[in-house]
Amino acid sequence: MPNSALEQFIENQPEKKHAYTPITVVPGDGIGPEIVASVLSVMVAAGASITSEMTEMGEKVYLSGNTSGIPEETWASLRHTRVMLKAPITTPQGGGYKSLNVTMRKTLGLYANVRPCRAYAPYIKTRHPKMDVVIIRENEEDLYAGIEHQETPEVVQCLKLITRPGCERIVRYAFEYARQQGRKRITCMTKDNIMKLTDGLFHRVFDEIGAEYPDIEQQHQIVDFGMANFVDKPEQYDVVLLPNLYGDILSDIAAQMTGSVGLGGSVNIGDGGAIFEAIHGSAPDIAGKGIANPSGLLLAAVELLHHIGQSEAAERMHNAWLRTLEDGIHTGDMKSEASKKIVGTAEFTSAIIDRLGQKPQNLSSHSAASAKMNRSPLQLPTITRPSTKPLKELVGVDVFVEWLNSPDALASTLLAAAGEKWKLVMISNRGVKVWPNGHDETFCTDHWRCRFQPSNGGVITHDDINRLMQAITIAKIDFIKTEHLCNFNGKAGYSLSQGQ
Ligand code: NAD
């Protein structure tokens with residue numbers, strides 16, 4: 001469908017009236033305008049009462065010098081509508097451009113990414129015909145906080161941040177979502193056998209909040225086993241809940257497993273609004289050819305209509321799209337033995353519109369699955385902090401230093417500098433204890449963690465740490481950073497080193 005289809009749509013769209021819900025629309029780059037025109041036409045034909053506020057975002061904006069790719073007018077529209085239908089955008093080559101998706105997620109607090117991944121066999125070829133899974137990914141925290149440093153010539157680090165309020169929000173969202181959508185089971189995946197504090201917190205909050213939802217089956221799997229099992233037997237899963245990085249990976253794997261990434265829709269949702277998009281990119285290789293498949297964005301639009309309370313239009317649209325698949329009218333990327341006619345974007349759009357009001361005959365009908373459910377936006381309770389803070393005691397400090405000599409030489413220099421008040425508990429390199437009683441075989445970089453605790457085993461002050469750091473500076477040891485060792489209500493809030 002040429003770009004002019006979008007222009008025509010804009011010209012013909014209804015005047016703004018109360019009954020119409022305004023939505024912010026980003027036509028995006030590449031095939032974006034073509035699939036947006038298609039999806040908006042189907043939405044309106046299906047009876048959606050919407051007016052579209054067309055906004056800019058993406059390549060053109062980046063290239064105009066705005067490194068975030070999002071102009072102020074787009075923010076203003078989104079603040080007003082709180083709902084965005086977003087086509088894919090092209091990220092220009094070369095550095096310096098911020099990820100537009102990360103900026104929007106963080107600015108608006110869109111803490112949940114929801115990706116339904118469903119197979120449409122036999123109409124779309126897949127090895128997993130029974131797959132019908134929703135991946136819920138925490139969207140703001142974890143290694144995506146973007147806090148990275150080069151600490152020494154040899155070592156860089158990325159901070160993994162997991163917060164209790166962040167875990168509480170996403171876990172509660174997942175349980176509420178499962179309840180609302182009639183889903184039976186949630187599988188939480190973490191690596192808390194290794195990351196006991198960070199992933200451990202995510203898992204603990206899953207168990208704590210899960211106790212309030214006895215109607216939903218719950219299980220936890222270590223993420224490596226969990227993902228391996230998932231790709232083998234996806235039909236064993238219903239809703240999968242993951243922290244940011246694992247969720248990023250599994251949601252792409254799951255979309256691929258359904259048979260076509262081109263069919264995937266995705267929702268970023270939180271207190272500040274919701275963004276609905278296809279998961280594929282702007283496909284510059286086929287832009288302007290009129291052959292793009294609008295299905296991913298169409299399925300995202302179905303979710304958008306549910307979100308704004310227009311479930312009837314959502315169901316009509318989804319059922320007509322399913323029926324089009326069943327009738328074998330497919331775009332080129334969907335081609336299989338089930339295809340009867342390969343069509344371009346415009347003809348595919350017309351085929352869906354022609355089938356509005358019909359239901360699929362074999363694929364499960366949208367209404368059968370969701371008619372009983374209340375699909376209004378989830379209202380989650382505000383996160384409240386406990387009225388009493390836990391007792392926090394400072395019991396030591398990890399001093400990170402750059403050093404090129406042996407661990408024994410580092411230990412004797414530190415012991416001489418620190419004095420009797422301090423006990424040098426251990427030195428580790430890349431998390432492995434190398435002093436005392438290290439192993440000669442352990443490979444060491446130039447980045448060392450030196451753990452100090454008071455000799456008397458008691459509590460220390462910030463001044464004590466300042467004095468220790470002064471002594472280390474005088475001894476000409478290049479310290480990089482410190483991490484305080486604290487007990488919270490008597491429980492250690494830090495990891496022990498391997499071998500400690
Ligand atoms: P892509 O998803 O755009 O394309 C990969 C392949 O799939 C191409 O062959 C393309 O023709 C095909 N394809 C994708 N969507 C299709 C559709 N709807 N119908 C038919 N065929 C389709 O991935 P890419 O080429 O790696 O990325 C292109 C650009 O998109 C890059 O600038 C990238 O940064 C951007 N991107 C944007 C988003 C987003 O805005 N959410 C997501 C991913 C990639």
Side-chain angles (χ1 to χ4, degrees), residues 1 5-6 24-40 42 55-63 67-70 74 78 84-105 110 113-115 120 124-125 137 139 144 247-249 251-253 255-256 258-269 274-301 303-304 321 324-325 329-336 339 342-349 351-352:
M1 191 176 280
L6 181 57
T24 302
V25 177
V26 173
D29 302 314
I31 58 170
E34 299 165 58
I35 59 174
V36 161
S38 158
V39 169
L40 289 175
V42 179
T55 56
E56 290 279 346
M57 196 190 269
E59 195 177 27
K60 236 191 290 167
V61 182
Y62 278 125
L63 295 177
T67 55
S68 74
I70 314 167
T74 303
L78 189 51
M84 176 184 274
L85 182 68
K86 176 179 161 284
I89 56 103
T90 301
T91 314
Q93 298 288 314
Y97 302 107
K98 286 188 206 139
S99 160
L100 183 155
N101 285 335
V102 174
T103 305
M104 284 205 305
R105 263 182 236 155
L110 309 182
N113 179 267
V114 182
R115 223 181 250 196
Y120 299 98
I124 303 291
K125 234 205 230 154
R137 159 191 172 193
N139 224 2
Y144 289 55
D248 194 0
I249 296 166
S251 53
D252 270 20
I253 292 174
Q256 187 73 38
T258 62
S260 171
V261 175
L263 300 192
S266 156
V267 185
N268 290 298
I269 195 161
I275 296 175
F276 298 81
E277 61 183 335
I279 64 173
H280 59 74
S282 56
D285 53 333
I286 57 164
K289 294 188 177 161
I291 57 170
N293 182 356
S295 300
L297 193 66
L298 185 140
L299 292 175
E303 293 302 318
L304 184 154
W321 176 80
T324 309
L325 286 197
I329 300 175
H330 297 165
T331 50
D333 57 302
M334 294 196 272
K335 194 171 172 194
S336 73
S339 304
I342 298 299
V343 295
T345 317
E347 207 178 325
F348 187 64
T349 308
I352 300 169

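We count ligands from 1, going down the list as the structure has it; atoms in each ligand are counted the same way.
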Can you sort out the partners of T67 under side-chain contact (heavy atoms from CB on, under 4.5 Å), two or more places apart, ordered by chain and number?
K98
Under 4.0 Å from ligand 1, residues with heavy atoms, in chain and number order, are I31, K86, P88, I89, T90, T91, N101, E277, H280, G281, S282, A283, P284, D285, I286, A292, N293, D333
For A278, all residues meeting side-chain contact (heavy atoms from CB on, under 4.5 Å), sequence neighbours excluded:
H280, L297
Mind checking the CG-CG spacing from L85 to L40? Nearest 0.5 Å is all I need.
6.0 Å
Taking only residues two or more places apart in sequence, or in another chain, which ones meet E59 in a side-chain contact (heavy atoms from CB on, under 4.5 Å)?
D29, L63, T90, P92
Against N268, only a single residue in R137, K86, E277 fulfils side-chain hydrogen bond (donor to acceptor under 3.5 Å, both in side chains); can you say which?
E277
Tell me the closest heavy-atom pair linking V39 and A301, and the distance in Å.
CG1-CB, 3.5 Å
